[in-house]
Amino acid sequence: MTIRVADEAGIADAVVHLKNGNLVAFPTETVYGLGADATQDDAVAKVFAMKARPNFNPLIVHVARPDWLADFAQLDDRVDVLTRAFWPGPLTLVLSRQPNSSISARVSPNLDTIAVRQPDHPVAAALLHALERPLAAPSANLSGHVSPTTADHVNADFGSNLDIILDGGPCRAGLESTVLDLTTDTARILRPGIISADAITSLIGGVTDHVGQSSSVLSPGQLDKHYAPSLPVRLNADAARDGEAFITFGCAEGTTFDLSPAGDLTEAAANLFRALRQLDDPAQYTGLAVAPIPDEGIGRAINDRLRRAARGR
Ligand code: TXA
Ligand code: MG
């Protein structure tokens, strides 16, 4: 059985697999990650192979504590302020990489930067502490597909190709971390997420928004086609057309899946990827119509993912 309860025995087995250079899927507060020991070249290479991920798209390195960063990333006051405020939590920092560190160069091929975050999930924390090494981990989905927020989602994409999927239940936040580039004087948001630009600005001053700009250079992962179900996605819909499923926000008539009956964006974010996966059934629907989502706070991150989903695979 690939899916394992994330108890002490499950985590101990996962650590053995990781030390042997194999991959383990594990829960974080955002989405499930596909983890490899970040110090092993071959293990990191397996991540790209298993996801069919283009190798120009770098991976996030996950740490158990902020003091693990000093070995492989260059730090400044902003890192200190932001990690104190938001770690553990859904904020990824892109930093200059220390040359000659123990981290595999394959996590960010051809770049002199490295993305890092400390996840806020007891299973992720226990795994990192037991392994005593950073984990390179992208979202545990096939490249271009919708990110997984349950162990079953991971199983649907990878099944028996993985030895262990640690089951930590549904992810609390349900949307990937905010990616913030700190390699320039003015910080830049490369991917909107749960932590808002305003929250970051209030601590370190102005940030610029690079989302949707020719981000293929800045954040290679922000490919246009991403987060896509197999069915076409139609945005800002007032109602479903013939055969479509209708994803709504706040009580609406004719709904197939209401992201948040109370109209709460945090709840909608937690449900979004489950809705996109659950309704992606060509035997039942011809497409997914999505009602408008307010473009404020976490709604900006939701709309970012929906726009990419609507561009198809
Ligand atoms: O919430 C999350 O961030 C989840 C959990 C598992 O931690 N991880 C995740 O990883 O979403 P992934 O690989 O699906 O997305 C990472 C994003 C990609 O857009 C990638 O291009 C960007 O971060 N990224 C990683 N390293 C980078 C770097 N050195 N410079 C710029 N962007 C980077
Ligand atoms: Mg991903």
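Fair warning: this is a prediction, and the values are worked out from it, not measured in the lab. In listed order, ligands and their atoms are each counted from 1. Only heavy atoms go into these numbers, but all of them, side chains included; no hydrogens, no water, no symmetry mates.
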Discussion item. For R117 and T28, which I'm curious about, is there any donor-acceptor pair between the side chains at under 3.5 Å?
Written reply: yes
Worksheet item: Which atoms from ligand 1 have a heavy atom of T113 less than 4.0 Å away?
Response: 28 (C), 29 (N), 30 (N)
Worksheet item: Cluster question for you: counting only ILVMFWY and a side-chain heavy-atom cut-off of under 4.5 Å, with indirect links fine, are V16 and L18 together?
Response: no
Worksheet entry | Among S143, S177, S139, closest by any non-hydrogen atom to atom 10 (O) of ligand 1 | S139
Fill in: Minimal non-hydrogen separation, A140 against A25, with atom names
CB-CB, 4.5 Å
Practice prompt. Ignoring hydrogens and angles, state whether a donor on the side chain of D71 or S101 is under 3.5 Å from an acceptor on the partner side chain.
Written response: no
Discussion item. Please list, in number order, the atoms of ligand 1 under 4.0 Å from a heavy atom of E176.
Written reply: 1 (O), 2 (C), 11 (O)
Discussion item. Distance alone, cut at 3.5 Å: any donor-acceptor contact between the side chains of D198 and S196?
Written reply: no
Worksheet item: Side chains of S147 and E176: do they bring a donor and an acceptor to under 3.5 Å?
Response: yes
Discussion item. Taking 4.0 angstrom as the limit and counting only heavy atoms of H62, give me the atoms of ligand 1 inside it, by number and element.
Written reply: 5 (C), 6 (C), 7 (O)
Discussion item. Heavy atoms only, cut-off 4.0 Å: how does N57 contact ligand 1, side chain, backbone, both, or neither?
Written reply: side chain
Practice prompt. Search all heavy atoms of V233 against all heavy atoms of P229 and return the closest pair with its distance.
Written response: CG2-CG, 3.7 Å
Worksheet item: Which atoms of ligand 1 are found less than 4.0 Å from any heavy atom of P138?
Response: 10 (O), 12 (P), 13 (O)
Worksheet item: What are the protein N, O or S atoms, given as residue plus atom name, that sit under 2.8 Å from the Mg ion (ligand 2)?
Response: S139 OG
Item to complete: Before signing off on this row, confirm whether Y32 and ligand 1 have an N or O atom pair separated by under 3.5 Å.
Response: no
Worksheet item: Taking the side chain from N303 and the backbone from I293, do they hold a donor-acceptor pair closer than 3.5 Å?
Response: yes
Worksheet item: Would you say T286's side chain and G243's backbone share a donor-acceptor pair under 3.5 angstrom?
Response: yes
Item to complete: Specify side chain, backbone, both or neither for E29, according to which of its non-hydrogen atoms lie closer than 4.0 Å to ligand 1.
Response: neither
Worksheet item: With a cut-off of 4.0 Å, which atoms of ligand 1 are near a heavy atom of T30?
Response: 1 (O), 2 (C), 4 (C), 5 (C)
Worksheet item: What atoms of ligand 1 come closer than 4.0 angstrom to any heavy atom of A115?
Response: 25 (C), 26 (N), 27 (C), 29 (N)
Item to complete: Could you pull out all residues at least two apart from K19 that satisfy side chain to side chain donor-acceptor pair (under 3.5 Å)?
Response: none
Response to the item:
Under 4.0 Å from one or more heavy atoms of I60, ligand 1 contributes atoms 3 (O), 8 (N), 9 (C), 10 (O), 16 (C)
Discussion item. Can a side-chain donor-acceptor contact be found between R191 and S177 if the only test is distance below 3.5 angstrom?
Written reply: yes
